[in-house]
Structure formats: structure tokens, C-alpha cells
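This structure is a prediction, so every number in the text was calculated from the model and none was measured.
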Amino acid sequence: DEVYIIPGYYHYGDKYNKFGSIGGSLGYTKQLGSQLGITIEGGYYHHSEENNDTKKTSGLMHFIGGVNYRFTDPAKNEKGISVSAHGLLGISRFSQKTTYANETFKDDATSFHFNIGAAADLRLTRNLSLRLIQADYVPTFFYQATQHNFRVSTGLVLKLR
């Protein structure tokens, strides 16, 4: 089993609204065997921008779960790289606050969310790995439109043995 924390960059975008955001996710994978696992994850990503007299802040929060498959894994006491892929489903919450000329407008929406991606981990010790990279395609469906989002992360993985 493992717990991971992955700070990263999340690009949100559809034809009307695009921005990059910074944040992170925390997840847990319960191994069902040497290769197959069940993963749950939650995360939050934030974006803020100011132009003249307009200030806009956006936030994306998600809770997802699904399967994780480990293609390679070094022996318990050896250093090496493990490669895994995942498919996760859940919900995402988008919130945006815009302030213009002393007036504030707020918008919130909830959407179905899925995440398809892969990760490469470098084992540092028996119980600690460095997530070298995790790349995810993360579409959401706010406001009857599809947002083709992606996420790139790095972080730490703690093996619970």
C-alpha cells in the first residue's frame, strides 16, 4: 500500500475559459496484488489573476477513485524505477469569484470527473520513493461543455509495508 502527495500544475480549459493553476493532491493506493491496486485521491488547484480593476480567483477541487496498475517495480531492497497507470472516476467542483468595480460575482459548479494517466517513481529507500513525473488527462464537463484539462505533477510516495 502507499500514500502519495503530488504538488503540480493543472491546466483547465474549454473554448471560453483557459488558465493554469497550481495546487496538489493527496492519494492512497491499496494494493490487491503485486500489480493491481485501488486508488482514492483528493486535491485542490488555485488560480488568481488581476487586470486593471478586475480580479478573478478560480479553484478546482476533486475527489476520485479507481484502479491503478503497476507495470514494473524494483525488488523491495533495490533502487530503481517503477511505472504505473491509472483510471479514476469521481467529481470535481469549480468555483470562481470575479471582482470588478467594487462588485463581486461568484460562480460554482459540480461535474463528473475522470482521470487517465501514468506515473514514474524512483525508489529512494525501502519505504520512500520520489514521483519523478505523473501526467494525467483530466476532462471535466462543467456548463454542458467539455474541458480538456491536463495535469503534470511530481512528489513523494510513502510505501506502507
Side-chain angles (χ1 to χ4, degrees), residues 1-30 37-70 81-122 124 128-160:
D1 297 358
E2 65 185 30
V3 174
Y4 60 87
I5 184 166
I6 51 172
Y9 171 82
Y10 188 105
H11 183 291
Y12 172 89
D14 60 21
K15 63 182 181 178
Y16 301 111
N17 196 7
K18 292 180 173 65
F19 59 83
S21 55
I22 301 296
S25 295
L26 178 65
Y28 170 75
T29 299
K30 170 70 177 161
I38 301 294
T39 298
I40 58 171
E41 178 183 296
Y44 182 78
Y45 295 83
H46 180 79
H47 171 78
S48 182
E49 63 184 76
E50 286 189 49
N51 297 343
N52 300 328
D53 53 352
T54 303
K55 181 178 180 182
K56 186 185 291 188
T57 56
S58 304
L60 289 158
M61 180 174 41
H62 69 268
F63 295 102
I64 51 180
V67 295
N68 185 32
Y69 186 82
R70 187 166 309 282
I81 294 179
S82 64
V83 177
S84 63
H86 51 268
L88 309 171
L89 302 169
I91 60 169
S92 189
R93 182 84 173 152
F94 173 74
S95 60
Q96 191 168 65
K97 178 180 167 184
T98 305
T99 304
Y100 175 76
N102 295 328
E103 286 193 55
T104 300
F105 306 94
K106 293 181 181 180
D107 186 24
D108 295 304
T110 302
S111 167
F112 174 71
H113 172 115
F114 69 90
N115 178 326
I116 298 172
D121 298 342
L122 173 64
L124 302 174
L128 185 65
S129 295
L130 174 64
R131 177 131 313 156
L132 297 172
I133 189 163
Q134 180 170 322
D136 301 295
Y137 172 61
V138 191
T140 52
F141 308 93
F142 297 108
Y143 311 108
Q144 292 79 41
T146 301
Q147 295 80 40
H148 297 282
N149 313 315
F150 65 87
R151 177 178 73 173
V152 179
S153 305
T154 186
L156 294 175
V157 180
L158 178 62
K159 304 284 184 185
L160 307 173

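The structure places CD of Gln147 at 9.0 Å from CG of Leu60, a figure rounded to the nearest 0.5 Å. Interatomic distance, CZ of Phe94 versus CG of Asp108, reported as 9.0 Å (0.5 Å rounding). Note that the CG atom of Leu122 and the CG atom of Leu128 stand 10.0 Å from one another [nearest 0.5 Å]. For the atom pair Ile133 CD1 and Ser153 OG, the distance stands at 8.5 Å (nearest 0.5 Å). Separating the CD1 atom in Ile5 from the CG atom in Leu156 is a distance of 8.0 Å, to the nearest 0.5 Å.
In this structure, the side chains of Leu26 and Val3 come closer than 4.5 Å at one or more pairs of heavy atoms. Put simply, the side chain of Leu89 reaches to within 4.5 Å of the side chain of Phe112, judged on heavy atoms. Inter-residue side-chain proximity for Leu132 and Ile81 is flagged as met; some heavy-atom pair is nearer than 4.5 Å. Using a 4.5 Å cut-off on side-chain heavy atoms (C-beta onward), Thr98 and Thr54 make contact. Within the 4.5 Å cutoff, the side chain of Ile38 has no heavy atoms near those of the Asn68 side chain. For the pair Ser92 and Phe142, the minimum side-chain heavy-atom distance is below 4.5 Å. A 4.5 Å side-chain heavy-atom check between Gln134 and Val152 finds every atom pair outside the cut-off. In this structure, the side chains of Ser25 and Tyr45 come closer than 4.5 Å at one or more pairs of heavy atoms.
The two residues Ser48 and Thr57 come nearest to each other via the heavy atoms OG-CG2, 3.5 Å. Pairing each heavy atom of Phe63 with each of Gly42, the nearest pair is CD2-CA, 4.0 Å.
No hydrogens or angles considered: a donor-acceptor pair under 3.5 Å links the side chains of Thr110 and Arg93. Under the 3.5 Å distance criterion, with hydrogens and angles disregarded, no donor-acceptor pair is assigned to the side chains of Tyr28 and Glu41.
Geometrically, Arg151 does not engage Tyr9 in a cation-pi contact defined by less than 6.0 Å to the ring centre and at most 45° from the axis.
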* Stepwise, does the side-chain hydrogen bond (donor to acceptor under 3.5 Å, both in side chains) test hold for Ser95 with Asp107? -> CA-CA 6 Å; Ser95 60; Asp107 186 24; over 6 Å; no

* Test side-chain contact (heavy atoms from CB on, under 4.5 Å) on Ser58 and Gln96 and set out the steps. => CA-CA 4 Å; Ser58 304; Gln96 191 168 65; 2.9 Å; yes

* Tell me, with the steps shown, if Leu88 and Thr39 meet side-chain contact (heavy atoms from CB on, under 4.5 Å). => CA-CA 8 Å; Leu88 309 171; Thr39 298; 4.0 Å; yes

* Does the salt bridge (charged side-chain N to carboxylate O under 4.0 Å, His left out) test come out yes or no for Lys159 and Glu2, once each step is laid out? -> CA-CA 4 Å; Lys159 304 284 184 185; Glu2 65 185 30; 2.8 Å; yes

* Step-by-step side-chain contact (heavy atoms from CB on, under 4.5 Å) determination, Ile22 to Tyr10 -> CA-CA 6 Å; Ile22 301 296; Tyr10 188 105; over 6 Å; no

* Would Val138 and His148 satisfy side-chain contact (heavy atoms from CB on, under 4.5 Å), going step by step from the backbone distance to the final call? -> CA-CA 7 Å; Val138 191; His148 297 282; over 6 Å; no

* Show your reasoning for whether side-chain hydrogen bond (donor to acceptor under 3.5 Å, both in side chains) applies to Ser82 and Arg70. => CA-CA 7 Å; Ser82 64; Arg70 187 166 309 282; 3.2 Å; yes

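Using cut-offs of 30° and 60° for the angle between ring planes, the His113 and His62 rings count as parallel.
Thr29 places no side-chain N or O within 3.5 Å of a backbone atom of Gly37 that could act as its donor or acceptor partner. Judged purely by atom type and a 3.5 angstrom limit, Asp121 has no side-chain atom pairing as donor or acceptor with the backbone of Val157.
Atom NZ of Lys97 sits in a sparse spot, with 12 or fewer heavy atoms from other residues, nucleotides or ligands closer than 6.0 Å. Other residues, nucleotides and ligands contribute at most 12 non-hydrogen atoms within 6.0 Å of the OH atom of Tyr100.
Remark: Phe19 pairs with Tyr12, His47 by the ring pair (Phe, Tyr, Trp, His ring centres under 6.0 Å) rule, at least two apart or across chains.
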